[in-house]
> 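Encoded as structure tokens, here's the structure I'll be asking about.
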Amino acid sequence: MDHLLLLMMLLVRSSGLQAEGELNSTEPGVRLVGGESRCAGDLELEHQGEWRPVWGYSLRTLKEAGVACRELDCGSAVSVGEREESSTRPVWGIISNCVESGSALRECAASGSSDSFLNLTCSDSVRLLGGTGLCSGRLEVNSDPSDPSWSSVCEADFDQQDAQVVCRQLGCGAPSVLQGALYGEGEAPMGTKEFQCGGHESALLDCSSASERNTCSPGTAVSLTCSEPGGVQLVGGESRCAGDLEVEHLGERRPVEGYSLWTLKAAGVACRELDCGSAVSVGEREESSERDVWGISSDCVESGSALRECAAPGSSDYILILTCSDKLFQPNISVSSSMYGVSGAQQQGFQVFRGSTFSISCSIQPQYPGGSFLLSSSTHNYTQPAVNHSAHFLFPAAEPAHQGSYSCVYHVSAFPQDSSSESRLLSVTVTDPEPFIIRAATRGRRPSRQEDIELDYDDLGVPAEEEGAQGAE
Ligand SMILES: *[C@@H]1O[C@H](CO)[C@@H](O)[C@H](O)[C@H]1NC(C)=O
Ligand SMILES: *[C@@H]1O[C@H](CO)[C@@H](O)[C@H](O)[C@H]1NC(C)=O
Ligand SMILES: *[C@@H]1O[C@H](CO)[C@@H](O)[C@H](O)[C@H]1NC(C)=O
Ligand SMILES: *[C@@H]1O[C@H](CO)[C@@H](O)[C@H](O)[C@H]1NC(C)=O
Ligand SMILES: *[C@@H]1O[C@H](CO)[C@@H](O)[C@H](O)[C@H]1NC(C)=O
């Protein structure tokens, strides 16, 4: 039945037909029924003269449900869910695109029938405006439910206990910042009450209040930041900054659906929320069977809303995987030369003979797929993509111009900011292949294979190591 309705709504959308609401601004044609207050319950809509419940698969994110709360003058959305009945009834479905474009709910209604009905809880008498999400902004209070009119709160009349109650009422975590005018002054008149909460109350209007309030100077309307409730994390990856994206919302921890791939920009917002820098890649993986997920659209995240405000319940066998740019490991640099088959044993100074072939290798512990290496010296820069987390720069015939201090810089593209890390310096000296003596570093004993390659350069009148390279350690 829900699929039928969905199909019908898609048809409505694609044909450009939209339910034409005869809007009466003094009567919103929206109500919540069966809840504890006029700001909680099953959502009902009056459209074409008919009150019907709203289909349970409409307005499934807090951000969308917030439109209903606003139309009802009930603050912001705290919780949104669905209630099922045993039989179907006529419903109004709400077209998401239409609501997102800023239209009133009634203008976005389409007819259908279902056994699933939308219910929601709004923050009722408190709201935060002008902040970055549902949990921050300028505080406004509606003290009289029978006469919805909002007033701001004087900083001097508001303390940490009051803030605890407001954050709880909004469905947010604990208060973190309480400050005057952080999100502007707004239009609302200053309220005439001082709230005296103990901190444990479930709503601000449950707190006792005194109407004898402190003198309130301009620029002191309370702004409040509550922490985001629940959490966002990446699990099952190589670090805390890579893996399946999981979001806790309405008391449930679920992975994010990966079928509709996110943009790197949206991934960047999530990485920032995770305190993990920038986004390196976003992908999906398939599970063997469907599981409960949160559907989160790229657009909603890009608009700056917190992940949970964009989360709609669903089920899927595709899970979103995200790699953020945690701190990069330091790459290794080593050199090998055709002479004596030396392979990377020397990590600091290195000498090659003019005309001989040598190569400098850059490598890094596997952390990200791809990336590139820049081999950089004071005179040359060479770039190669990382293959198997390494790159080999070949110098077919060594010349004096190749002499210098080299470093490997590993680079990964990320949004909004690229990430790179640099190896230590390795100095290369090019000498003429004059006759020389191989002397074992340890005397009086037959050199082992490793010792064979340690030349005593003093005999050649060339310093074995450059001071600069050591100084950079
Ligand atoms: C609009 O609402 C007012 C006030 O409730 C009512 O008197 C009027 O009849 C309504 N108009 C329409 C077109 O529904
Ligand atoms: C919606 O209804 C269901 C079933 O009655 C209930 O469990 C849930 O708490 C309600 N949610 C809201 C936000 O009212
Ligand atoms: C880098 O060098 C260290 C020390 O020589 C070594 O233990 C490590 O495995 C190397 N890492 C890579 C990615 O080559
Ligand atoms: C090599 O690249 C670095 C960083 O991109 C730059 O600062 C430097 O000037 C370049 N050197 C040469 C010789 O091009
Ligand atoms: C990369 O590593 C894999 C496994 O270690 C190996 O099979 C493959 O040949 C390597 N590719 C290159 C280009 O070296």
Side-chain angles (χ1 to χ4, degrees), residues 2 30-45 53-70 72 74-89 91 94 114-124 134 168-172 202-203 229-230 248-252 292 294 308-309 311-313 328 331 333 360 362 371-386 391 393 395 399-413 417-428 468 472:
D2 289 333
V30 180
R31 66 188 179 199
L32 288 168
V33 300
E36 285 183 0
S37 77
R38 66 171 204 95
C39 292
D42 289 3
L43 182 64
E44 291 190 351
L45 205 61
V54 168
W55 183 43
Y57 288 79
S58 321
L59 306 180
R60 293 311 300 277
T61 69
L62 287 183
K63 197 174 182 188
E64 288 175 347
V67 174
C69 294
R70 268 200 306 281
L72 286 157
C74 278
S76 56
V78 172
S79 168
V80 56
E82 173 228 348
R83 198 176 56 74
E84 280 178 13
E85 285 182 0
S86 50
S87 58
T88 64
R89 282 199 275 153
V91 293
I94 311 258
S114 177
D115 57 0
S116 159
F117 312 105
L118 184 81
N119 60 4
L120 68 119
T121 304
C122 307
S123 62
D124 201 350
L134 296 176
R168 179 178 305 124
Q169 193 172 351
L170 289 162
C172 301
S202 55
E248 191 180 327
H249 175 45
L250 302 178
E252 270 189 75
D292 288 343
W294 296 119
R308 71 174 186 105
E309 294 170 24
L328 289 176
I333 185 166
I360 299 179
C362 303
S372 64
F373 284 103
L374 169 74
L375 180 66
S376 177
S377 76
S378 49
T379 51
H380 291 87
N381 276 338
Y382 312 90
T383 308
Q384 274 187 32
F393 297 87
F395 296 79
E399 306 166 17
H402 292 143
Q403 198 155 284
S405 288
Y406 289 84
S407 72
C408 292
V409 181
Y410 179 66
H411 181 94
V412 284
S413 313
Q417 208 154 34
D418 289 355
S419 193
S420 60
S421 89
E422 184 170 6
S423 72
R424 62 172 163 183
L425 291 172
L426 173 107
S427 82
V428 173

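As the structure lists them, so they are numbered: ligands from 1, and atoms in each ligand from 1. Heavy-atom basis, side chains included; hydrogens, waters and symmetry copies ignored.
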> Work out which heavy atom in Ser123 is nearest to a heavy atom in Gln169; give both atom names and the distance.
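Of all heavy-atom pairs spanning Ser123 and Gln169, the closest is O-NE2, 3.1 Å.
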
> Between Arg60 and Glu64, does at least one N-O distance fall below 4.0 Å, as a salt bridge requires?
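Salt bridge flag = no for Glu64 with Arg60.
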
> Could you list each N/O atom of ligand 4 together with any protein N/O atom closer than 3.5 Å, one pair per line with the distance?
{"from": "ligand 4", "atom 1": "2 (O)", "to": "Asn381", "atom 2": "OD1", "distance (Å)": "3.4"}
{"from": "ligand 4", "atom 1": "2 (O)", "to": "Asn381", "atom 2": "ND2", "distance (Å)": "2.3"}
{"from": "ligand 4", "atom 1": "11 (N)", "to": "Asn381", "atom 2": "ND2", "distance (Å)": "2.9"}
{"from": "ligand 4", "atom 1": "14 (O)", "to": "Asn381", "atom 2": "ND2", "distance (Å)": "3.3"}

> Got a salt bridge between Arg83 and Asp42, using NZ or NE/NH1/NH2 to carboxylate O under 4.0 Å?
yes

> Taking the six-membered ring for Trp and the full ring for Phe, Tyr or His, determine whether the centres of Tyr382 and Phe395 are under 6.0 Å apart.
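They qualify: ring centres under 6.0 Å apart.
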
> Considering only NZ, NE, NH1 and NH2 on the basic side and carboxylate oxygens on the acidic side, decide whether Glu44 and Arg31 come within less than 4.0 Å.
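Salt bridge: yes.
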
> Are any non-hydrogen side-chain atoms of Leu118 and Leu59 less than 4.5 angstrom apart?
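Touching, per the 4.5 Å side-chain cut-off.
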
> So if I count the atoms of ligand 2 from 1 in the order they appear, which ones are less than 4.0 Å from some heavy atom of Arg83?
2 (O), 4 (C), 5 (O)

